[in-house]
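Taking it in order: structure first as structure tokens, then the write-up.
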Amino acid sequence: MLASKRILLIIGGGIAAYKTLDLIRRLRERGAAVTPVLTPAAEEFVTPLSVSALAGEKAYRDLFDLTDEAEMGHIQLSRSADLVVVAPATADLMGKMTAGLANDLASTLLMATDTPVLVAPAMNVRMWQHPATRRNRDQLARDGIRFVGPNEGDMACGEYGPGRMAEPLEIVAAVEKALGDGPLKGRRILVTSGPTHEPIDPVRYIANRSSGAQGTAVASALAALGAEVIFVSGPASVPPPQGVHVVRVESAREMDAAVDAALPVDAGVFAAAVADWRVASASDRKLKKSKDGLPELEFAENPDILKRVSRLEQGRPKLVVGFAAETNDVVENATAKRLRKGCDWIVANDVSPATGIMGGSENAVILISDSGAEEWPRMGKDQVAERLALRIAEALGRAGS
Ligand code: CTP
């Protein structure tokens, strides 16, 4: 049931827009309120009158409508929903979302929203298979956008293949899932991600090669299962996912403080590549070349965040998951690391350059727990994240509330 849920439904300009009329009915039958928005191209396929009559609400169309702005500004409109659904999502709309364009009401709402977004693509098979669309889909998924479909089948244009919009009831099921009726509903989970930057002086810092991709994927997968996710991220090169609470930090000590502030949580996933050392006394002025020789940097040890949280006597999360990036003897090193840190699981991976894992899109992990080492096949970082999120849901389910 979707009682008291509000859906902002963005209708793109494709022939599948006719199915969206049925989608509105199905959503309303389940108790959801639907606020419809049409792109100018959508109006070529369905009329604002039929959309609005079925939704029982005004159909929004124009970014620069003075009456609309006075009644409910576009920013407020973008934030008033529990979920934004884009159906049909055309190649053009997906391209705009990926590029961050905002030149009409639909694309502006998608840029301004802070609620989760579910996309139901629909387009000609060649357009779906085009490298540009594939890139856009992958990037949107990395940004935390959820997808339903497209399906394979006969298309209105007479071709056959993937590109048909998912059926209204499939979209309704995806809406129910996205609205957090997943197995992690009511669970609060902390995820650390990305590298840390440790300042040397105001313009230089010590960093590492972590992109934050795996931590971002884990946060997104946990949120997709209904968890409330606190995402503490160092300066990552990939953007944070939608639908999580983002806390941005720079250094290990800032990350430690942000983690502390996020507690208590049901589970903590420590995917960040935290610098082990910082410069003991970073200069507040830029270090200059001098005739007296090279500057001498003295190091101090950073707090070990994972170890501290794993060993908390009070308020320890029920499940603490660490990551281990190793270049050799992965299982031995990661098994020893699990015991040294005191965490429940270690997700270990081999980051030696030959694997292409660090900074890449795939991962091959070994899950180390008290029952031993479990090797997972090499797969996309998103799939690793989904599998890990499901395991976390199972473990928390066993641990009870
Ligand atoms: N970690 C942390 N705080 C630190 C260092 C690491 O929370 N100061 C966490 C990481 O997020 C990761 C795990 O500890 O989940 C292991 O990180 P890794 O860098 O592999 O471990 P180290 O403690 O640095 O061990 P070593 O240098 O011996 O490999």
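Start at 1 and go down the list; that is how both ligands and their atoms are numbered.
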Among all protein non-hydrogen atoms, which one is nearest to atom 6 (C) of ligand 1, and what is the separation to 0.1 Å? Lys341 NZ, 3.7 Å

For Arg6 and Ser80, which I'm curious about, is there any donor-acceptor pair between the side chains at under 3.5 Å? no

Atom 28 (O) of ligand 1 [closest protein heavy-atom partner, distance rounded to 0.1 Å]: Arg340 NH2, 3.5 Å

Protein residue, atom and distance nearest to atom 15 (O) of ligand 1, heavy-atom basis: Phe270 O, 2.5 Å

Identify the closest protein heavy atom to atom 18 (P) of ligand 1: which residue and atom is it, and at what distance? Lys337 NZ, 3.5 Å

Please check atom 23 (O) of ligand 1 for a protein heavy-atom neighbour under 4.0 Å. yes

Backbone or side-chain N or O of Thr192 under 3.5 Å from ligand 1 N or O: no

Assess, by modelled atom type and distance only, whether the side chains of Ser107 and Asp104 contain a donor and an acceptor separated by less than 3.5 Å. yes

Would you kindly say whether Glu170 and Asn151 are connected by a side-chain donor-acceptor distance under 3.5 Å? yes

Quick one, Arg248 and Pro240 - any side-chain contact, counting heavy atoms below 4.5 Å? yes

For atom 2 (C) of ligand 1, tell me which residue out of Val309, Thr327, Ile305, Val351 has the closest non-hydrogen atom. Ile305

Counting heavy atoms only, which part of Pro303 comes closer than 4.0 Å to ligand 1: side chain, backbone, both or neither? backbone

Residue, atom and distance of the protein heavy atom nearest atom 7 (O) of ligand 1 read Leu306 N, 2.8 Å

Where is the nearest protein heavy atom to atom 17 (O) of ligand 1: which residue, which atom, and how far? Phe323 O, 3.6 Å

Closest to atom 27 (O) of ligand 1 among protein heavy atoms sits Asp276 OD2, 3.4 Å

Strictly by modelled atom types, are Thr90 and Asp92 linked by a side-chain donor-acceptor pair under 3.5 Å? no

Where is the nearest protein heavy atom to atom 10 (C) of ligand 1: which residue, which atom, and how far? Ala272 O, 3.2 Å

Residue among Asp382, Asp350, Asn349 satisfying side chain to side chain donor-acceptor pair (under 3.5 Å) with Asn363: Asn349

Is any side-chain heavy atom of Pro116 closer than 4.5 Å to one of Arg146? yes

Any Lys/Arg nitrogen of Arg316 or Asp344 sitting under 4.0 Å from an Asp/Glu carboxylate oxygen of the other? yes

